[in-house]
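First comes the structure, then the notes that go with it.
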Number of protein chains: 2
Amino acid sequence: METKKTTTKEINKMCKHNIRAIHDTLDVIGGKWKISIISCLSFYPMRYSELLREVEGISGKMLSRELKELEMNQLIVREVLNTHPITVQYQLTEYGETLKPLTLSIADWGVNHRKQIIG
Amino acid sequence: METKKTTTKEINKMCKHNIRAIHDTLDVIGGKWKISIISCLSFYPMRYSELLREVEGISGKMLSRELKELEMNQLIVREVLNTHPITVQYQLTEYGETLKPLTLSIADWGVNHRKQIIG
DNA sequence: CAGTATCCGGTTTGATACTG
DNA sequence: CAGTATCAAACCGGATACTG
C-alpha cells in the first residue's frame with residue numbers, strides 16, 4: 001500500500017518543478033515580442049527593417065532590444081553583411097530552431113481560439 | 001514557372017498570420033503567472049490558498065486577478081464549496097485542458113534549457 | 001540602413017492593511 | 001478562508017530626434 005500513495009507531497013513537488021521550468025522558459029522568450037520575432041525568423045533570415053515591417057506594431061527600440069536579448073540567449077545570430085549601405089541579417093541558431101514547435105503550437109492554439117470565440 | 005514562386009509576398013502573409021495567432025494566444029495566457037496557474041491546475045483542482053502556496057512568488061492580488069481573467073476566458077471554473085469556513089476551488093474547464101500540451105512543452109523546453117546553460 | 005539616447009506617460013506589480 | 005482597497009515603486013514601451 002505504501003507505494004500507491006502518489007499524494008499531495010509528490011504532486012506538490014512536480015507542480016513546483018514545472019513552475020520553475022516554465023519560469024526558465026519565460027525568462028528567455030517571455031517578452032512581448034520575442035515569440036513573434038522567432039516565429040518570423042523561422043521562415044527565413046531577415047533584416048532589421050524587414051522585421052520592423054513584419055512584426056506589426058513593434059517599435060525600433062523594442063525590436064533592437066528584443067533582438068539583443070535573443071542574441072544573448074543564443075537563439076539568434078546577428079550578421080553584418082558587406083553591402084552599401086550596411087545591412088544586418090538575423091537568423092535562428094540551431095538552438096533557436098528548437099523553439100519552432102513551441103511557436104507553432106502557440107500559433108495553432110491562437111487560430112483555434114479565434115474560431116472558438118467568433119463562432 | 002508561375003506556380004513555383006512561393007515568394008516574399010506569400011511568406012509575408014504567413015508570417016503576419018502567425019503573429020496575429022500568437023498575439024491571440026498571448027492575450028489569453030500571456031500574463032506573468034497564467035501559464036503557471038494552468039500548469040498547477042492541470043494536476044488537480046486547487047483552492048485559492050493552495051495556489052498561493054504552489055505558485056511561488058505570486059501575491060494574493062495577482063492570483064485573484066489572474067484567476068478572474070482565466071475564468072472570463074473560460075479556461076477555469078470557480079466553485080464555492082459549502083464548508084466552514086467557505087472554501088473555493090478552481091479547476092480547468094475542458095477548454096482549459098486544451099492548453100495542457102502547451103504548458104508541458106513550455107516546461108520541457110525550460111528543463112532542457114536549464115541543462116544547457118548549466119552544462 | 002541600423003540602430004542609440006532621451007523623455008515621459010501608462011501599466012503592472014508588490015506590500016500592507018482591511019473585510020465578510 | 002478568500003478575497004478587496006489603497007498606495008507607491010518599478011518597469012514597459014512609444015515618440016522623437018539623433019548617429020555612423
Side-chain angles (χ1 to χ4, degrees), chain A residues 8 12 15 19 22-23 26-38 40-41 44-73 75-92, chain B residues 8 12 15 19-20 22-23 25-38 40-41 44-73 75-92:
Chain A
T8 319
N12 178 302
C15 202
I19 289 181
I22 287 168
H23 188 266
L26 295 185
D27 264 357
V28 177
I29 58 164
K32 186 174 178 184
W33 306 100
K34 294 211 180 69
I35 300 178
S36 294
I37 293 171
I38 290 169
C40 267
L41 292 181
Y44 52 59
M46 287 190 192
R47 284 176 303 119
Y48 180 85
S49 53
E50 285 183 281
L51 283 167
L52 210 50
R53 252 179 294 120
E54 295 301 321
V55 185
E56 271 180 355
I58 197 169
S59 67
K61 183 170 89 175
M62 276 301 110
L63 179 56
S64 61
R65 186 185 295 178
E66 302 270 63
L67 286 171
K68 218 175 284 172
E69 291 174 14
L70 289 172
E71 199 190 355
M72 272 179 29
N73 285 307
L75 298 176
I76 63 173
V77 179
R78 179 180 184 274
E79 183 186 6
V80 180
L81 301 180
N82 213 344
T83 53
H84 294 280
I86 277 172
T87 55
V88 180
Q89 197 161 74
Y90 293 92
Q91 62 184 302
L92 291 184
Chain B
T8 319
N12 180 300
C15 206
I19 289 182
R20 220 170 303 127
I22 288 168
H23 189 266
T25 301
L26 294 186
D27 264 358
V28 177
I29 57 164
K32 186 174 177 184
W33 306 99
K34 294 211 181 68
I35 300 177
S36 296
I37 292 170
I38 290 168
C40 266
L41 293 181
Y44 51 57
M46 287 191 193
R47 284 177 301 121
Y48 179 84
S49 54
E50 285 182 283
L51 283 167
L52 209 51
R53 254 180 292 120
E54 294 304 318
V55 184
E56 272 180 353
I58 198 171
S59 69
K61 184 170 89 175
M62 275 303 109
L63 180 56
S64 62
R65 187 184 297 175
E66 302 272 60
L67 285 171
K68 219 174 284 174
E69 289 174 18
L70 289 172
E71 199 191 353
M72 271 178 33
N73 284 308
L75 299 177
I76 64 173
V77 178
R78 179 180 184 274
E79 183 186 4
V80 179
L81 302 181
N82 213 343
T83 53
H84 296 278
I86 278 171
T87 56
V88 180
Q89 197 161 72
Y90 294 92
Q91 61 186 303
L92 292 183

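All chains are named by letter (A, B, ...) in the order of the sequence lines, taking the proteins before the strands, and each is independently numbered beginning at 1. Since this is a predicted model, take the numbers as computed values, not measurements. No hydrogens, no waters, no symmetry mates; every other heavy atom, side chains included, goes into these values.
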- request: Please test Thr8(A) against Tyr44(B) for side chain to side chain contact (heavy atoms under 4.5 Å, CB included), starting from the C-alpha separation and ending with a verdict.
  value: CA-CA 10 Å; Thr8(A) 319; Tyr44(B) 51 57; 3.8 Å; yes
Interatomic distance, Lys68(A) atom NZ to Ile76(A) atom CD1 [nearest 0.5 angstrom]: 11.5 Å
- prompt: Which dot-bracket notation, 5' to 3', represents the base pairing of DNA chain D when pairs are defined as Watson-Crick or G-U with both distances under 3.5 Å, crossing pairs as [ ], and inter-strand pairs as |?
  reply: ||||||||||||||||||||
field: Nearest-0.5 Å distance, OH of residue Tyr48(A) to CG of residue Leu63(A)
entry: 5.0 Å
message: Could you report the tightest heavy-atom contact between Ile38(A) and Leu70(A), atom names first, then the distance?
response: CD1-CD2, 4.0 Å
message: I need the CE-P distance between Met62(B) and dA2(D), as an integer number of Å.
response: 19 Å
message: Rounded to the nearest 0.5 Å, what separates atom OG1 in Thr87(A) from atom CG in Asn82(A)?
response: 9.0 Å
query: Within this structure, what is the CG-to-C1' distance between Leu63(B) and dA2(D), rounded to whole angstrom?
result: 10 Å
Atom pair distance, as rounded to whole Å: CD in Gln89(B) and P in dG3(D): 12 Å
statement: Output for pair (Lys34(B) NZ, Met62(B) CE), nearest 0.5 Å, gives 9.5 Å
statement: What one should report as the nearest heavy-atom pair of Val55(B) and Ser36(B) is CG1-CB, 4.3 Å
message: Counting only side-chain nitrogens and oxygens, does Ser49(B) get under 4.0 Å of the OP1 or OP2 atom of dA2(D)?
response: yes
Which atom of Cys40(B) lies closest to which atom of Met46(B), heavy atoms considered: O-CE, 3.6 Å
message: On a heavy-atom basis, which atom in Ile29(A) and which in Ile35(A) lie closest, and how many Å separate them?
response: O-CG1, 3.5 Å
Pairwise N/O distances under 3.5 Å, protein to nucleotides 4-7 of chain C:
unit_1	atom_1	unit_2	atom_2	d
dT4(C)	OP1	Lys68(A)	NZ	3.1
dT4(C)	OP2	Ser64(A)	OG	3.4

- line: For Glu50(B), the side chain to side chain donor-acceptor pair (under 3.5 Å) test, sequence neighbours excluded, returns none
message: How close do Glu66(B) and Lys32(B) get, counting heavy atoms only, and between which atoms?
response: OE2-N, 3.6 Å
message: Whether Tyr90(B) contacts dC1(D) is assessed here as follows: a side-chain N or O lying under 4.0 Å from the phosphate OP1 or OP2. Is that the case?
response: no
query: How far apart are the C-alpha atoms of Val88(A) and Arg78(A), what are their side-chain angles, what is the distance that settles it, and do they pass the side chain to side chain contact (heavy atoms under 4.5 Å, CB included) test?
result: CA-CA 7 Å; Val88(A) 180; Arg78(A) 179 180 184 274; 3.6 Å; yes
Shortest side-chain distance from Thr87(A), nucleotide among dG3(C), dC1(D), dA2(C): dA2(C)
- prompt: Please give, in whole Å, the distance from dC11(D) P to Glu66(A) CD?
  reply: 16 Å
field: Qualifying residues under side chain to side chain donor-acceptor pair (under 3.5 Å), relative to Gln89(A), sequence neighbours excluded
entry: none
task: Can you sort out which residues in residues 77-86 of chain B have a heavy atom within less than 4.0 Å of DNA chain D? Ascending by number, please.
output: Arg78(B), Pro85(B), Ile86(B)
message: From CD of Glu69(A) over to C1' of dC12(D), roughly how many Å is that when rounded to an integer?
response: 12 Å
message: Whole angstroms only, please: what is the CD1-C1' distance between Ile58(B) and dA15(C)?
response: 15 Å
- prompt: When rounded to the nearest 0.5 angstrom, what distance separates OH in Tyr90(A) from CG in Leu51(A)?
  reply: 8.0 Å
field: Members of residues 25-36 of chain B that approach DNA chain C, where some heavy atom sits under 4.0 Å away
entry: Lys32(B), Trp33(B)
task: Could you tell me the separation between the CG atom of Leu52(B) and the P atom of dT16(C), rounded to a whole number of Å?
output: 15 Å
